[in-house]
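Being a predicted model, the structure only gives us computed values, none of them experimental. Here is the naming used below: chain letters follow the sequence lines, and residue numbers restart at 1 for every chain.
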2 protein chains.
Amino acid sequence: MITIYDIAAKAGVSAMTVSRVINNTGRISEKTRKRVRKVMEELHYIPNMLARSLVSQKTHLLSLLITDITNPFYTTLARGAEDAAKKAGYRLLFANSDEDYAKEKDYIDMILTTRVDGVLLAPTGDHSLENLNQLRKHHIPFVVLDREIPGIDVDVVLGDSKAGARNLVEHLIRLGHRRIALVNGLQDVSTARLRYTGYEEAHRLSGLQLDESLIVHLGYRDFHDDSALDQLFQLEQPPTAIFAANNMLAVGVIQSLRARGFHVPGDISVVCFDDFGPAGAINPFLTVASQPAYQFGQLGMQLLIERLESENNYEFRKIMLPSQLIVRSSTLPLSP
Amino acid sequence: MITIYDIAAKAGVSAMTVSRVINNTGRISEKTRKRVRKVMEELHYIPNMLARSLVSQKTHLLSLLITDITNPFYTTLARGAEDAAKKAGYRLLFANSDEDYAKEKDYIDMILTTRVDGVLLAPTGDHSLENLNQLRKHHIPFVVLDREIPGIDVDVVLGDSKAGARNLVEHLIRLGHRRIALVNGLQDVSTARLRYTGYEEAHRLSGLQLDESLIVHLGYRDFHDDSALDQLFQLEQPPTAIFAANNMLAVGVIQSLRARGFHVPGDISVVCFDDFGPAGAINPFLTVASQPAYQFGQLGMQLLIERLESENNYEFRKIMLPSQLIVRSSTLPLSP
DNA sequence: TTGATTATTGTTACCGATAACTCAAAGTTA
DNA sequence: TAACTTTGAGTTATCGGTAACAATAATCAA
């Protein structure tokens, strides 16, 4: 491993001079600068970040912790975050918690020991509060994405879950549906709660009675749980439409429905939150509340970097991004 | 920032003793061990990886460099790699080159300065050779995924592009298609070359004349380039089926076709390499050669870790994973 | 010409951990 | 009881950089 000492020796200068050349600090005569540069190239010198970071107390590394790397919403978000980080000269450490609190905690520990400069994260749920407090205790700046955490004041980029949900459900109601099921995420997650609120609000504003037996709770990634729909179809009056609280749940719901012989949208309409990225573009099928995923990442990263690079502790900011109702072919008017 | 010296001072021992307690090395009496542990908890000690890695010359960090984070093939692969890394106790640094050589180079540089222990990467193309040589020069072990690079001997996990392509094209030929277009990736990428070879082989074995004017070259991510299909439809005898060399190209092809008023598969059949992950499961539509993406990542990571942890330089290994033809509804027999 | 100033480079200490060596006290053996 | 082991620590040097200060040479003003 070539170090600045090797270069210093070969160039006949001190290590400090080499360091100065590398960082363009201090004053160096053009002659020595050139000589040092030449030796650096000859020896294929690569600076050692570990050593540099140890003394500077800055790694120029940021961490992005998402909850599901197979979900196009988060991968698009990741692209946004990556682009913004790159533009500002930071390196990005991706991590994936799989909606699993324990994994999240593991990654937070790794983030702490790795001494990243800041963290951008979509928390797994309200209990993530403990992990956030851990970050705060160690003075690691962070920005929260997509999900609000009660009990802590932070910079955060959110979608408007309530309005989005209301739009989706109102769309179904306009189509004549009256028994609309909600396949929701866990109540521990703010988006799931707000999507419920939007669902409830749509009912109330339309003068519809809300039937709690039409509500199912699953983890956002547990779309394999086929039995989840049993509850709905054992009802005396089963639903004629289903609102899935995110895209992955919608996939599961549709697969379950088809496995039971239902046709979507012929027999039952389905809507969901979040779109499907490029892969979904082949057969745009689902009626969705589409969120600007790329901007989630980009804006979140901008907030983080501003926080990092500003001295003063200005107050925390909350950005709320709207979702857009895109009506496609998974919804039909209720047939009489 | 709490260091082992703070702990040592408060516990009334030397820093070395604290280090021994942390790493469970050397001999420590149960009494001091407990006292040190207690102080560590009280002060919320977090070990500093930078310092530790600087002396141990090991970061326990691996890097995964993929070419398209929005492609479900790579995100599934990433999950496989992540799981395998986690199991072996390594942390994983994701990076995304966007099929862009310059970005890849940037990431390789960052990998070198970050002193990761090893790299798992899907190269952008043959010219990545230079980046691989850079890694080798600095003695960073690496494993190549998905794409072969001529001119360098490495551990590598590949799909059987030739056989997969042949299967797809033979499927089309069985359906009666005779004018089959190939929308391929750039010739700089081994999978694109092999998919061409499979395409050619299928023609030859079926006694079909291959018409070079039916072949279009695009980057694997350049599916926005709508004009690419112009060439095909200005032909006197336009194709009746299209083989897209990967999933992203297929998305673009289908969107282009629809924009031109063609119906798939009614007017034209489409097949492609690689499936669409969970997002594609809603409306499984495309006939594909599906590759075991998760295993690409998992096996690649296993190779890397074995290479890392073994002293001796055993010879390089090449794993070839088969693809599976999945016939769905994007293909129809040629109507007379 | 001389003291002051500026430009260029070097020295030393330190970032936070660990390897290698040292050393005192306690325990063992003959 | 003297010599030898074993146990449980501590000391020092080092990993590869950089900050802060020091030192020398070159230039300049008076």
Exercise. Counting heavy atoms from C-beta on, name the nucleotide in C:dG16, D:dG17, C:dT8 closest to the side chain of A:Ser29.
Key: C:dT8

Quiz item: Which of the following nucleotides, C:dT9, D:dA9, C:dA17, is nearest to the side chain of B:Ile28?
Solution: D:dA9

Do any N or O atoms from the side chain of [X] and from the backbone of [Y] form a donor-acceptor pair under 3.5 angstrom?
| X | Y | answer |
| --- | --- | --- |
| B:Arg79 | A:Asp68 | no |
| A:Arg317 | A:Val157 | no |
| B:Thr67 | B:Asp98 | no |
| B:Thr114 | B:Val116 | no |
| A:Ser128 | A:Asn131 | no |

Quiz item: How long is the span from the CD atom in B:Glu42 to the CG atom in B:Asp6, to the nearest 0.5 Å?
Solution: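 Interatomic distance, B:Glu42 CD to B:Asp6 CG, rounded to 0.5 Å: 13.0 Å.
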
Could you run down the sub-3.5 Å N/O contacts of the protein with nucleotides 10-13 of chain D?
from, atom 1, to, atom 2, distance (Å)
D:dG10, OP1, B:Ser14, N, 3.2
D:dG10, OP2, B:Ser14, N, 2.7
D:dG10, OP2, B:Ser14, OG, 2.6
D:dG10, OP2, B:Thr17, OG1, 2.3
D:dG10, N7, B:Arg20, NH1, 3.3
D:dG10, O6, B:Arg20, NH2, 2.3

Practice problem: Using heavy atoms and a sub-4.0 Å distance, could you list which residues of residues 48-59 of chain A are near DNA chain C? By number, please. | Solution: A:Leu54, A:Val55, A:Gln57

Quiz item: Hey, does A:Thr32 reach any base, or is it just sugar-phosphate, or nothing, if we go heavy atoms under 4.0 Å?
Solution: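 If one applies the 4.0 Å heavy-atom cut-off, A:Thr32 turns out to touch the sugar-phosphate alone, with no base involved.
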
Quiz item: Any side-chain donor-acceptor pair under 3.5 Å between B:Thr124 and B:Glu99?
Solution: no

